[in-house]
Each structure stands twice: as structure tokens, then as C-alpha cells.
Protein chains: 2
Amino acid sequence: MDASSLTIAPGAPEPIYRQIVEQVRRLIAGGQLPPGELMPSVREVAGFHAINPMTVSRAYSLLEGEGLLERLRGTGMAVAQSARSARPEAERMSLIEPRLHELARAARELELPASRVLRRLDQLLENGE
Amino acid sequence: MDASSLTIAPGAPEPIYRQIVEQVRRLIAGGQLPPGELMPSVREVAGFHAINPMTVSRAYSLLEGEGLLERLRGTGMAVAQSARSARPEAERMSLIEPRLHELARAARELELPASRVLRRLDQLLENGE
DNA sequence: CCATGTGTATCAATACAACAATACACATGG
DNA sequence: CCATGTGTATTGTTGTATTGATACACATGG
């Protein structure tokens, strides 16, 4: 994987290390990051996105704690061979459940018609924009 | 409005005062809180949800700053007469745009089929559960 | 063998949220 | 009139989280 493939928004309210953790978590569960895949080094990511190496390290450590990454001493971090990657659809769905609930609640409070919300989301999912 | 109508999750990562602000913002934009509607007192909300009155006051003050609430001295806070309430659909949609983008991105990284995501969201929007 | 590249332990700086305890100015309403 | 109920300013404390700077241990590979 490349450092430029990571999407990071330094200005977002969501802390940087968590942005990384959740993104990598999803890419592994989705199968886009297969076991054995080497991750970009902490300094590489940090340099590219102008953030602190320790922030990246923290993200990697958390992912290691989850068993998703493994440390190759002297080499870097890689997607763990034992990582539960390319998970079944139902399990991947569960990862966006909280977001779905929040969205539904917000839409309800705004009295937005379901059709309208669904149409817009469909648009974003298909076209990506 | 009643203090019990406010949904507050003290354990959530989202700070309490912002939970209140955004919720009220949406309820006004959606028209469920019409101009003139009296808000529950800070002590009432604080007592019901076991939080600090100053935390509620902070939320109310921010909403006053946005022109959504107005202070009725000696009485409490009410939805401002000048509040832009019951906004047109397009404007209400814009309030959930960020959430929609995040959701779409997460779904994409998880390689989830659009149909599945849309079906689940539809379920939550219609049944509320 | 040792320069170079890994990750990270450690400590510090900062910011933020929430709570706590008052005290205050003000309007209502019996 | 004045007890009662508004919101709020103030000050301080606590807990937590995030980020950052530095130094370190370690393995690789020419």
C-alpha cells in the first residue's frame, strides 16, 4: 500500500489516528488490503500528510492490538496473515450500522422523506460523487 | 418541549453540549419545534439526564448565538420568532450531506453493494428500527 | 559492520469537556 | 412584595485525549 492511498483530513474533528485505524480496518475487511500486504512506514505517511510519526504509530499499534497488522521487525508493518480479511457481507454491514442509525435519526428529526435521502445516497454510492 | 424528549448519550464520544445543539438545530429546521415553543429549563434538562446545568446552558447559548433560540428573561429559552424554521427540503438535505459522504466512503472501502446499504437504510427510515 | 530504515517508549504540552459551587440579574406570579 | 424560577458569569478542578519532540532498540542489507 502507498501513503498517498490513505485519506487523511487533518482539520476534521475526528482524531487523525482514528481516521487511519478505521480506514485500514475497513480496507482489510473489504479485502482491498490482503494479508501480507506491506503498509507504508510511519515516517512515510507522516511526511506525506504532514503529521507526526507518533500519530501514525499509534494507529498502527492499535491495529496490531486488534490482530489486523503485524510487526515485521526492521521492515515495517504488514497486514497480518491471521487477519480476518475479506469478511462476509453481513459482518461488513455491521461496521456501518452506527452510522446508519445516526443518519436515520438525523433524517427523522429533519422530517426528510426517505425517498429523497435514499436517492441521494444511491447517487453517492454509484457515482462516487 | 419536554426534557424527556431530548436524546442524550452521556457515554458518546460526541460532547454533550454539541449533541443538544445539533439535535435542537434539526428539530427546528424540520419544523417540529415551531417559533415560540418554550424549551425546558437548564435545570430541568440537567436533572432529568443527570448532567451539569452549565453544560445545558452552554448549548442554549450557542443556539442563541445562531439566532435559533431567544432568551425570555425570567421565563426561559424559546425558539426564536425570527428562527429560520421548517426550512425547505433542499436546505435540510444539506445538513446531512457530510454524514452521507462519510457513509458512502465507508461503504466503498468495505466493498459493500449499494443495494444492500440502501435496503438497510430504508428499513431504518421507515420502521425507525 | 554499520548506515539506514523500521516501530515505539517516554515525557511534555496543550486543549477540551464536564463538573462543582457560587453568586448574580432578572421577570414572573401568587 | 417577594419567594421562586429563569439563564449566566465566574472560578477552579478533574479527567481525558490528542499531538508532538526526543531518544532508543532493533533488523535489514549493501
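Protein chains get the first letters and strands the later ones, always in sequence-line order, with residue 1 at the start of each. Scope of the values below: all heavy atoms of this structure, side chains included, with no hydrogens, waters or symmetry mates.
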Rounding to an integer number of Å, can you tell me how far [X] [atom1] sits from [N] [atom2]?
X     : N      : atom1 : atom2 : answer
A:L63 : C:dG7  : CG    : P     : 13 Å
A:L38 : D:dT28 : CG    : C1'   : 13 Å
B:I20 : C:dA17 : CD1   : C1'   : 13 Å
A:E14 : D:dT18 : CD    : C1'   : 12 Å
B:N52 : D:dT11 : CG    : P     : 17 Å
B:Y17 : C:dA18 : OH    : P     : 7 Å
A:R71 : D:dA25 : CZ    : P     : 14 Å
B:L62 : C:dA17 : CG    : C1'   : 13 Å

Residue-phosphate contact under 4.0 Å: [X] side-chain N/O, [N] OP1/OP2:
X     : N      : answer
A:Y60 : C:dT8  : no
A:R18 : D:dT18 : yes
A:T55 : D:dG20 : yes
A:S61 : C:dT8  : yes
B:R58 : C:dA17 : yes

Donor-acceptor under 3.5 Å ([X] side chain, [Y] main chain):
X      : Y     : value
A:Q19  : A:A9  : yes
B:R58  : B:Y17 : no
A:E109 : B:G30 : no

Item checked: Watson-Crick or G-U wobble mate for D:dT28, both contacts under 3.5 Å ->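 Its partner is C:dA3 (Watson-Crick or G-U wobble, both distances under 3.5 Å).
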Item checked: Who pairs with D:dG12 - Watson-Crick or G-U, where each distance is under 3.5 Å ->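 Base-paired to C:dC19.
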Next item on the list: Report whether B:Y60 and B:L33 are members of the same hydrophobic cluster (ILVMFWY, side-chain heavy atoms less than 4.5 Å apart, transitive linking).
Entry: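 Yes, same cluster.
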When we call it a touch if two heavy atoms are under 4.0 Å apart, what does [X] touch: a base, just sugar-phosphate, or nothing?
X     : value
B:M54 : base
A:E64 : sugar-phosphate
B:I16 : sugar-phosphate

Identify which nucleotide among [options] has an atom closest to any side-chain atom of [X], counting heavy atoms from C-beta outward.
X     : options                : value
B:R73 : C:dC19, D:dT8, C:dC26  : C:dC26
B:S41 : C:dT8, D:dG7, C:dA17   : D:dG7
A:P15 : C:dA20, D:dT18, D:dA21 : D:dT18
B:S57 : D:dT6, D:dT8, C:dT8    : D:dT8

Notebook entry, point to check: Taking atom CZ of A:R116 as the centre, does the number of heavy atoms from other residues, nucleotides or ligands within less than 6.0 Å exceed 12?
Noted result: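 Counting other residues, nucleotides and ligands, CZ of A:R116 exceeds 12 neighbours.
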Check: Between the side-chain atoms of A:R43 and the base atoms of C:dG7, is any donor-acceptor pair under 3.5 Å?
Finding: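 Side chain to base: pair present.
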Note to self: Between A:T75 and A:I51, which residue's closest nucleotide on DNA chain D lies nearer the 5′ terminus?
What the structure shows: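 Looking at DNA chain D, the more 5' nearest nucleotide goes with A:I51.
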Item checked: B:R119 and A:E89 ion-paired at < 4.0 Å ->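 Salt bridge between B:R119 and A:E89, a charged N being under 4.0 Å from a carboxylate O: no.
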